[in-house]
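Ligands are counted one by one from 1 in listed order, and the atoms in each one are counted from 1 as well.
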Amino acid sequence: MKGWTGYILRVNLTDKTWKKESFTEEFAQKWVGGRGFAAKILFDELKPGIDPLGPENKLVVALGPISGIPAPNTGKAVVAAKSPLTGFYGDGNLGTHVASQLRKAGYDALIVEGAAAKPTLLYIEDEKVEFQSAEEVWGKGTFVTNEWIYARHPKSTGVLNIGQAGENKVLYSVIRSMEGRAAGRPGIGAVMGSKLLKAIVVKGTKTIPQERAEEMKTIGIEGLKKARELDQKSGWSKQSTDAVLAWCNEVNGLPVQNMRKTTHPEAFKVDGERLNDARIATYGCPNCTMHCGITIEDKEGHESELDYENIGMLGPNVNVFDLKQVGSLNYLCDDYGLDTISAGSVLGFYADAIERGATTGDFKFGDAEKGKALLGQIARREGKVGNLLADGTLRMGKAWGKDSVNYAMQVKGLEMAAYNCKSIPGQALAFGVAPIGGHHREAWIITFELKHSTRESYGPEKAAKVIELQRIRGGLFELLVACRFPWVEVGYELENYPRFFNAVTGLNWTLEDFWKTADRAYAMIKLHYLREFPNATRKDDYPPAVWFDKANADTEGAQKGVVLDYGKYDSMLQHYYDQRGYDQRGIPTKELLAKLGIQKEAAEVEKYAKLS
Ligand code: PTT
Ligand code: SF4
């Protein structure tokens, strides 16, 4: 089997043992890698109902057949576990040297099970696995932990680590890597923390197996050059992801004041142009020629790396329009290891709830200083407020009672990213049906919707576009595993990816083959969901109620008075289910599951829930 190392490293923290396990070519071709491997492994190995923060949960780090190989933007890894935030499968994707180092060490995936008795650093070097003490950095932030690790290992080493938020099991804590990389929004950092696993350090000395290595080298290097050319021509990385902020503000799609408003006259102060002006350095993931990580100096003088989602949620969503202050809030999230999107949503929701009288407190929209203090309380789970806010918006809304949950900007427990969709139905659907909860990664339909389609439409074309994007973004790129930005941002052709895959594996796949594997991975995640929530309904695929609430419509501007329409949303959802072959609850039918070759998994789910 070429293209895959053919091995998974299984580590048990409880008894400090490890095993090198092989997998079959059938497994490799069926699940490809990344999210596919993680979803299948966790489905097979986790019993439904287990405590996500208990030793029964497992952390999976999974790579794909092109991870770590010099080719456009392959320095990425998928991290996954049962999410403590959403209660079912959750994952994230981050730039890290782990992508190449774990594969050079001879593994396509790492499974971490059990829990350590003391703070631990897991050290992996080929066939050497060590359980080292991390007591010296337990209680410390991710920046100090990184420095501590890099003082002992070269910068090319693969490093994953957590901050205080992960240690204290904040339900939306992330895993961090390198200078400014982060992933695992649904609390995958808390899973590491619950295992007293402070860091994973990986070095490998082998060659990643490739069927046609010379061909791969040529097309990979060509690809890297092409991605750089396309980026330079388009000028995208000048403002990087934040290029979208001014546009979102213009089209009434910006999250302002806990997504109550969709635009703000001061938004320009935190837009891509201002970000580029304030730039002090640029960072990126390994194997990337279009580095998009822009850092600025924050209010306290720290270097803080900002992306659009971070700015949108920690800036306008909490009415903070001072870029340096947004930088400070972002720096603290990075250091504590809090997800910036959920953190911004939590702060916005808290200020909103105080304003509406749902709870009491002294935090107001626009108060960046108090916001910073709150982030510390959250990361330490300090006091009643810190402890509640550490649990995310859904639990906060439930605790405050009455109709508070309606204002929690989340889907399936995961806070939504920085797109305010009360007048953007397709993107609202994309959030509603994102398999792990309110993530924009799966289908970012907003630009298609506003530039090439009819904004008001709830028609089948919107459902079709969501599926097309899910197959590419949540499928192809999460399975292979590579960064999607060369394709999505600068137009690097999708057809290149099967070429890479075929060169490393010797297979002859087309994009169509990837769509089938993508659909299988999505169906698998739905099976995780149904097994954990046997009473799942289509309401679970709805965005927050407030987006349908006339009283919450914009009071001025081009989208004045517009909110989502319940009946029309529901029929668009039905188009999505029909086109995907899902039943009325949004669950794949037995017929579809058989077509995707996952009857065995379906039978397992039927022990707990009904399939149609
Ligand atoms: C992703 C989510 C995003 S998506 C952002 S900004 W974005 C936030 N980044 C955070 C951060 O930073 N620090 C922090 N403490 N929390 C953060 N939470 C938020 O997490 C990221 C880039 C970006 S920048 C995006 S869109 C693309 N995402 C990709 C993806 O998901 N898959 C893929 N194959 N390629 C991608 N390329 C792009 O990578 P989650 P990164 Mg992130 C600091 O993980 O859980 O999926 O949530 O990975 O290495 O930092 O690169 O406008
Ligand atoms: Fe990382 Fe940005 Fe390059 Fe993607 S484009 S690999 S997110 S630096």
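For D91 and R185, the salt-bridge test fails: no basic side-chain N is under 4.0 Å from an acidic carboxylate O. Using a 4.0 Å cut-off between a side-chain N of Lys or Arg and a carboxylate O of Asp or Glu, D298 and K324 do not qualify as a salt bridge. Between E532 and K82 a salt bridge is recorded (basic side-chain N to carboxylate O distance below 4.0 Å).
On a distance-only criterion, L338 and ligand 1 share at least one N/O pair closer than 3.5 Å. The shortest N/O to N/O separation between R185 and ligand 1 falls below 3.5 Å. By the 3.5 Å distance cut-off applied to N or O atoms, H440 is not counted among the residues near ligand 1. Note: an N/O pair closer than 3.5 Å links R441 and ligand 1 by distance alone.
Of the heavy atoms in N93, both backbone and side-chain atoms come closer than 4.0 Å to ligand 1. Only the side chain of H439 comes within contact range of ligand 1, with a heavy atom under 4.0 Å; no backbone atom does. Only side-chain heavy atoms of T241 come within less than 4.0 Å of ligand 1; its backbone N, CA, C and O stay farther off. Contacts between I188 and ligand 1, counted as non-hydrogen atom pairs separated by less than 4.0 Å, are absent for every part of the residue. Using a 4.0 Å cut-off between heavy atoms, E309 contacts ligand 1 through both its backbone and its side chain. Under 4.0 Å from ligand 1, not a single heavy atom of R473 appears.
Atom numbering of ligand 1 starts at 1 in the shown order; those under 4.0 Å from a heavy atom of G92 are 40 (P), 45 (O), 46 (O). When each atom of ligand 1 is checked for a heavy atom of F477 under 4.0 Å away, the hits are 34 (N). Atoms of ligand 1 lying under 4.0 Å from at least one heavy atom of A482, given by number and element, are 33 (C), 34 (N), 35 (N). Residue D307 approaches ligand 1 through these ligand atoms, each under 4.0 Å from one of its heavy atoms: 6 (S), 24 (S), 52 (O). In the vicinity of D339, heavy-atom distances shorter than 4.0 Å reach the ligand 1 atoms 16 (N), 17 (C), 18 (N), 19 (C), 20 (O). In summary, the atoms of ligand 1 found under 4.0 Å from a heavy atom of G95, numbered by their order in the structure, are 41 (P), 49 (O). Shown in contact with G184 at under 4.0 Å from a heavy atom are these atoms of ligand 1, numbered in order with element: 40 (P), 44 (O), 45 (O). Atoms of ligand 1 found under 4.0 Å from any heavy atom of C333 (numbered from 1 in listed order, with element): 15 (N).
For atom 12 (O) of ligand 1, the closest non-hydrogen atom of the protein is N310 ND2, 3.4 Å. Closest to atom 29 (C) of ligand 1 among all protein heavy atoms lies R484 NH1, 3.2 Å. The protein heavy-atom contact nearest to atom 13 (N) of ligand 1 is D334 OD1, 2.6 Å.
Taking only non-hydrogen atoms, the option from K76, R484, M178 nearest to atom 7 (S) of ligand 2 is K76. Atom 41 (P) of ligand 1 has its nearest heavy-atom neighbour, among R35, E442, E478, K76, in K76.
Remark: K370 NZ is packed, more than 12 non-hydrogen atoms of other residues, nucleotides or ligands lying under 6.0 Å away. With a 6.0 Å radius and a threshold of 12 heavy atoms from other residues, nucleotides or ligands, R228 has its CZ atom at or below the threshold.
Using a 30° and 60° split on the angle between ring planes, Y419 and H440 fall in the tilted class, from 30° to 60°. Note: H302 and Y331 have parallel aromatic rings, judged against thresholds of 30 and 60 degrees for the angle between ring planes.
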Query raised in the report: Taking it one step at a time, do D519 and K516 satisfy salt bridge (charged side-chain N to carboxylate O under 4.0 Å, His left out)?
Result: CA-CA 5 Å; D519 289 353; K516 187 164 179 186; over 6 Å; no

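For the pair K465 and F448, the cation sits on the ring face: its NZ or CZ lies under 6.0 Å from the ring centre, inside 45° of the axis. Cation-pi check for K451 over W247 is met; the charged atom lies under 6.0 angstrom from the ring centroid and within 45 degrees of its normal.
C288 SG to N73 CG: the interatomic distance, rounded to the nearest 0.5 Å, is 4.0 Å. Of the inter-residue distances, the one linking Y107 atom OH with L102 atom CG reads 8.0 Å to the nearest 0.5 angstrom.
Take a cut-off of 2.8 Å around atom 2 (Fe) of ligand 2: the protein N, O or S atoms inside it are C292 SG.
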Could you list the donor-acceptor pairs under 3.5 angstrom formed by side chains in residues 141-150, with sequence neighbours left out?
unit_1	atom_1	unit_2	atom_2	d
T142	OG1	R176	NE	3.3
T142	OG1	D334	O	2.7
T145	OG1	G141	O	2.7
N146	OD1	N161	ND2	3.2
N146	ND2	M178	O	2.8
W148	NE1	E136	OE2	3.2

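The shortest heavy-atom distance from R181 to ligand 2 is under 4.0 Å. Ligand 1 does not have M178 within reach: every non-hydrogen atom of the residue lies 4.0 Å or more from it.
When Y497, W444, F485 are each tested for a ring pair (Phe, Tyr, Trp, His ring centres under 6.0 Å) with F477, only one passes: Y497.
No side-chain donor-acceptor contact under 3.5 Å links S100 to the backbone of G68.
Closest heavy-atom contact between C333 and L375: SG-CD1, 4.0 Å.
A distance below 6.0 Å separates the ring centres of F501 and W509.
With a cut-off of 2.8 Å, atom 42 (Mg) of ligand 1 has an N, O or S atom of A182 in range.
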